[in-house]
Number of protein chains: 2
Amino acid sequence: MKNNNVTIHDISKALEIDSSTVSRALNNSPRVSQKTKDKIISKANELGYQRNSLASKLRTNKTHSIGVIVPRISRHFFSSAIAGIEETAYDAGYDVIICQSLDDYEREKKLMNTMLSNRVDGVLISISMKTTEHDHFKEYQKQGLPILFFDRPCALANSTNVIIDDFKIGKEVTEHLIEQGCKDIVHFSGPQTSQLYQQRTKGFKAALEKHQLPFREEYVFESSLMKEDGIEMAKKILALPKVDGVVSSNDTSAISAMQHLKENGIRIPQDIAFVGFSNEPVSAVFEPSLTTVKQPDFEMGKIAASLLFEQIKSEGNLRINQTKILEPELIIRNSSRKKS
Amino acid sequence: MKNNNVTIHDISKALEIDSSTVSRALNNSPRVSQKTKDKIISKANELGYQRNSLASKLRTNKTHSIGVIVPRISRHFFSSAIAGIEETAYDAGYDVIICQSLDDYEREKKLMNTMLSNRVDGVLISISMKTTEHDHFKEYQKQGLPILFFDRPCALANSTNVIIDDFKIGKEVTEHLIEQGCKDIVHFSGPQTSQLYQQRTKGFKAALEKHQLPFREEYVFESSLMKEDGIEMAKKILALPKVDGVVSSNDTSAISAMQHLKENGIRIPQDIAFVGFSNEPVSAVFEPSLTTVKQPDFEMGKIAASLLFEQIKSEGNLRINQTKILEPELIIRNSSRKKS
DNA sequence: TTTAAAAATACAATCGATTGTATTTTGTTT
DNA sequence: AAACAAAATACAATCGATTGTATTTTTAAA
């Protein structure tokens, strides 16, 4: 099976028109007359011409593509954010290269290199939970390319963050439980290496303090917030003297914990009230339905992408050290309704 | 912010070594002495050299990247399949370009063009439900590139399909309900333009016939199987004289239908038993937990990718008109357990 | 018709890496 | 030290499209 790619030179030869004119015609340049444009375009169709974007990108040094790196595309939040990114990119005429870091630092590093060697025009990234060091981003920035962090903030200089106020919402959900009468609240935290989880935990603490409730280290469980972690944490709860509420940093672990607790005769929300985080589809359907925080996922993708395009277009003449904070929404469902 | 990409020519100048030697050194060619290789590599690191893969790909006409097109990455089945594809690709040293067709034919067509102009080495695709015409695939094949369909088969000549036997499993799930004592079974079908749904429906029909149950057109609902469709279909069920079972072609619509029916006092599985399809995470957590079919998602991705790589390597000297059939697994849960 | 201006097209260099061929350097053998 | 093979390196063309400059053709004005 031979490689029968048609090039502008084939068109050029077939019509005896210089390839530069062919190129201009195909790019609808005003320097080519309509008559020749028509001839060239119809010949291009006839031969099944497909522009070689590699060549084009090489020459122009503009790839019209951006890279997106997320921990996992299977997470509802990320796939929605990606949908938002794609919509914006599509309108702007950009291709999107989607990659998963699987929350692995080495992989994230390798992906940043792939981005560089594919000469994307910019990168949108939600960094891996294990990333504590930023050299791979600095390396990338050295090439003069913009990088923008969304959802999971990064304290890298000259970069933009699009996030929600995790402190504020962490405090808010905790206060919601307190209002429902909870006094002994456990907190499921993600890795404290991540700013995001740090902030949520701080918010949790702040809410307790505000309402003169004690903050106890042994009531804070740190984990990767996976399904299995939820079960482990449920067991820990059963071992604690008194628990009447749980503030979880995600839905996944909250639900598996609830499931385990239910199996052990705990009633939710009567005995223990729960709030999660992320509004995974499953949280609406679980019984009891899980109170959670809906992050503006799709919207965040759109905003992050358009900010990145702004930066790409400005070619570095823009103040890029900014943080955009979006508003999440607390969705109150049955898992936290102690009072009616 | 200037573009300070380092090229092999920069290294070449700095060391006064010809760029061809630099290139060979960086590719670890045996034609370059170890001594110069060392010199070149250390200089490359010093300057922060990053290979420009665009140039490389252009020259070699091998991109070492494949395209993946799926309807939506947010669907659990697809994100798992993609994980499998990525794992295999990663091992084979290939980049993966992931795109969503959003089940839109025009978009799919455009994406195939993007694939072509980005000169991918091959494409893995699960076609959009709205695709009935295959010219965009033929156009692609003309360039001598391999295309492989997974999950949703396509009757295109010279192409490989990696699928499950939808007829067989469609029959199997229906028989499962019949064994549980169901006699008046409704079928939620997807668009009959898709071979996949056609086959499942045929399997449904075959099971009824085998057990001498009547097949009634009015017991088959065709829709896009979205959440809202599930609610609509639940309403239709309530309007039917007698229904004691539902065979749904996906979980999403099954669950929203069950939810609506529960709200209307129908007990599941006692009054109506349900089986779904896809094993979405939510189906294990819903109450009652939903009997469903687990497709070998991750595995399917791995197999599809490795078949594609075989074809890429063989450069067309391979019989490619094959169909690989994988075995799905019926997961029996509470939604269909009438007998214990 | 001549001539200048404008429009259309052609020429040629370039993006960065690769690779077949040519040349130089090194090493071995007598 | 000469002669030759082998090893290492240099030269130069190439992938396909783009783009600044030069040239030709067309149009319009004098």
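Values below: all heavy atoms of this structure, side chains included; hydrogens, waters and symmetry mates excluded. Chain naming here is simple, since letters A, B, ... match the order of the sequence lines and numbering starts at 1 in each. The structure displayed is predicted, hence computed values, not measured ones.
In this structure, K62(A) places its NZ atom 14 Å from P of dG16(C), rounding to the nearest Å. For the pair N52(A) CG and dC15(D) C1', the interatomic distance rounds to 8 Å; values are reported in whole Å. The nearest whole Å value for the distance from the CG atom in N118(B) to the C1' atom in dA17(D) is 14 Å. Rounding to whole angstrom units, CD1 of residue I8(A) and P of dA17(D) are separated by 5 Å. Atom NZ of K39(B) is separated from atom C1' of dA8(D) by 12 Å (rounded to the nearest Å). The nearest whole Å value for the distance from the CG atom in D18(A) to the C1' atom in dA12(C) is 9 Å. Going from atom CG of L54(A) over to atom P of dA17(C) covers 14 Å, rounded to whole Å. L15(A) has its CG atom 18 Å from the P atom of dA8(C), to the nearest Å.
The residue I17(A) sits close only to the backbone: its heavy atoms come under 4.0 Å of sugar-phosphate atoms, none of a base. Counting any heavy atom pair closer than 4.0 Å across all strands shown, S33(B) reaches sugar-phosphate atoms only and no base atom. S23(B) comes within 4.0 angstrom of a nucleotide base, judged by non-hydrogen atoms across all strands. Contact annotation for R51(B): backbone-only contact, meaning every heavy-atom pair under 4.0 Å involves sugar-phosphate atoms and none involves a base. Among the heavy atoms of the strands, none lies under 4.0 Å from Q34(A). Residue S53(B) is classed as having no contact, given no heavy-atom separation below 4.0 Å to the nucleic acid.
The nearest heavy atom of DNA chain D to E16(B) and to N27(A) marks one nucleotide each, and the one closer to the 5' end goes with E16(B). Nearer the 5' end of DNA chain C, as judged by each residue's closest nucleotide, is the contact made by A55(B), out of A55(B) and R24(B).
Residues S29(B) and N27(B) bring no donor and acceptor atom of their side chains to less than 3.5 Å of each other.
Salt bridge annotation for E299(A)-K302(A): absent, with no cationic side-chain nitrogen under 4.0 angstrom from a carboxylate oxygen. With respect to D103(B) and R152(B), a salt bridge is recorded, a charged nitrogen being found less than 4.0 Å from a carboxylate O.
Within 3.5 Å, a donor on the side chain of R31(A) pairs with an acceptor on the base of dT21(D), or the reverse.
Considering CD1 of I98(B) and CD of Q100(A), their distance stands at 6.0 Å, rounded to 0.5 Å.
Candidate nucleotides dC15(C), dA17(D), dA10(D) were compared by shortest atom distance to the side chain of T21(B), and dA10(D) ranks first. Listed nucleotides: dA17(D), dA10(D), dG16(C). Nearest to the side chain of S20(B): dA10(D).
Within the 4.0 Å cut-off from OP1 or OP2 of dT9(D), at least one side-chain nitrogen or oxygen of T36(B) is found.
By the 4.5 Å heavy-atom criterion applied to side chains, V96(B) and L124(B) are not counted as neighbours.
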